[in-house]
Amino acid sequence: MSQTATIVPTAAVCERWEATTPVTGDYARDCAELARETLSHVGFTQFEETPFEDVIACMEGDLPVTVAVLAVPVEGFEMTLDDLQSLIDDEVVMRGASLCIGRALLSDGPLPERLRFDVMSVCPNLDAGRVRVHHVRGAWQS
């Protein structure tokens, strides 16, 4: 198993769409749903429920991906992709590896050959009607 982090934006900065995720007022849950919608727009599928509101389990092609969602307060709207990567320390990576392995062990069928843990930051600015999302792919992968 290896540890690598690759900064790759989930969607191009200029790619935009009208979000359909309803705002409920539960900030963390709203951010997780916005992250799920963003992932679905760039080809992630087969979303599964997890016991954690800040974790999304899905597939990218045939690769199981577990995604931690960091709900960034509106004051952090100017957060960059580099800022997000700087927050991914050994503790975050260990948590991600544990989540991936636990998910694989609890799934029906054979264990997957590869697993990946990603981290996304989501910052809705409701006054401006915008959401800023950053995605670090492969914060941990096997």
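These numbers come from a predicted model, not from an experiment. The basis for the numbers below is simple: all heavy atoms, side chains too, and nothing from hydrogens, waters or symmetry mates.
There is no path of hydrophobic side-chain contacts, each under 4.5 Å, that joins Tyr27 to Met79. Val122 and Phe77 fall into different hydrophobic clusters, where Ile, Leu, Val, Met, Phe, Trp and Tyr are joined by side-chain heavy atoms under 4.5 Å apart, directly or via other members. Linking ILVMFWY side-chain heavy atoms closer than 4.5 Å, directly or via other members, places Leu115 and Leu105 in a single hydrophobic cluster.
Cation-pi contact between Arg95 and Phe117: absent, since separation from the ring centre below 6.0 Å together with deviation from the ring axis within 45° is not met.
Applying the side-chain contact (heavy atoms from CB on, under 4.5 Å) rule to Asp89 yields the partners Glu91, Val92; only residues at least two apart in sequence or on another chain are considered. With sequence neighbours excluded, the residues forming a side-chain contact (heavy atoms from CB on, under 4.5 Å) with Thr24 are Asp26, Asp30, listed by chain and number. For Arg116, the salt bridge (charged side-chain N to carboxylate O under 4.0 Å, His left out) criterion is met by Glu60, Asp118, not counting sequence neighbours. Applying the side-chain contact (heavy atoms from CB on, under 4.5 Å) rule to Val74 yields the partners Asn125; only residues at least two apart in sequence or on another chain are considered. Taking Glu78 as the reference, Arg132 meet the salt bridge (charged side-chain N to carboxylate O under 4.0 Å, His left out) condition, with sequence neighbours excluded.
Residues Cys100 and Ser142 fail the side-chain proximity criterion, which asks for heavy atoms closer than 4.5 Å. A 4.5 Å side-chain heavy-atom check between Leu39 and Met120 finds at least one atom pair inside the cut-off. Leu34 is listed as a side-chain neighbour of Pro124, based on a closest heavy-atom distance under 4.5 Å.
Taking CH2 of Trp140 as the reference point, atom CG of Asp90 lies at 14.0 Å (rounded to 0.5 Å). Rounding to the nearest 0.5 Å gives a distance of 10.0 Å between CD of Gln46 and CG of Asp62. Rounded to the nearest 0.5 Å, atoms CZ (Phe47) and CE (Met59) are 11.5 Å apart. Rounded to the nearest 0.5 Å, atoms CG (Leu63) and CZ (Phe44) are 8.5 Å apart.
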Practice item. Report the C-alpha distance between Thr80 and Asp83 in whole Å, list the side-chain angles of each, state the deciding distance to 0.1 Å, and finish with yes or no for side chain to side chain donor-acceptor pair (under 3.5 Å). Key: CA-CA 5 Å; Thr80 67; Asp83 294 334; 3.2 Å; yes
Less than 3.5 Å apart, which donor and acceptor atoms pair up between the side chains of residues 65-73 and the rest of the protein, not counting sequence neighbours?
unit_1	atom_1	unit_2	atom_2	d
Thr66	OG1	Arg103	NH1	3.4

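Across all non-hydrogen atoms, the minimal contact from Glu37 to Ser40 is O-OG, 2.7 Å. The heavy-atom pair separating Val119 from Ala139 by the smallest distance is CG2-CB, 4.1 Å. Contact detail for Ala35 and Ile56: the closest heavy-atom pair is CB-CD1, 3.8 Å.
In terms of modelled atom types and a separation under 3.5 Å, the side chain of Thr50 and the main chain of Val55 share a donor-acceptor contact.
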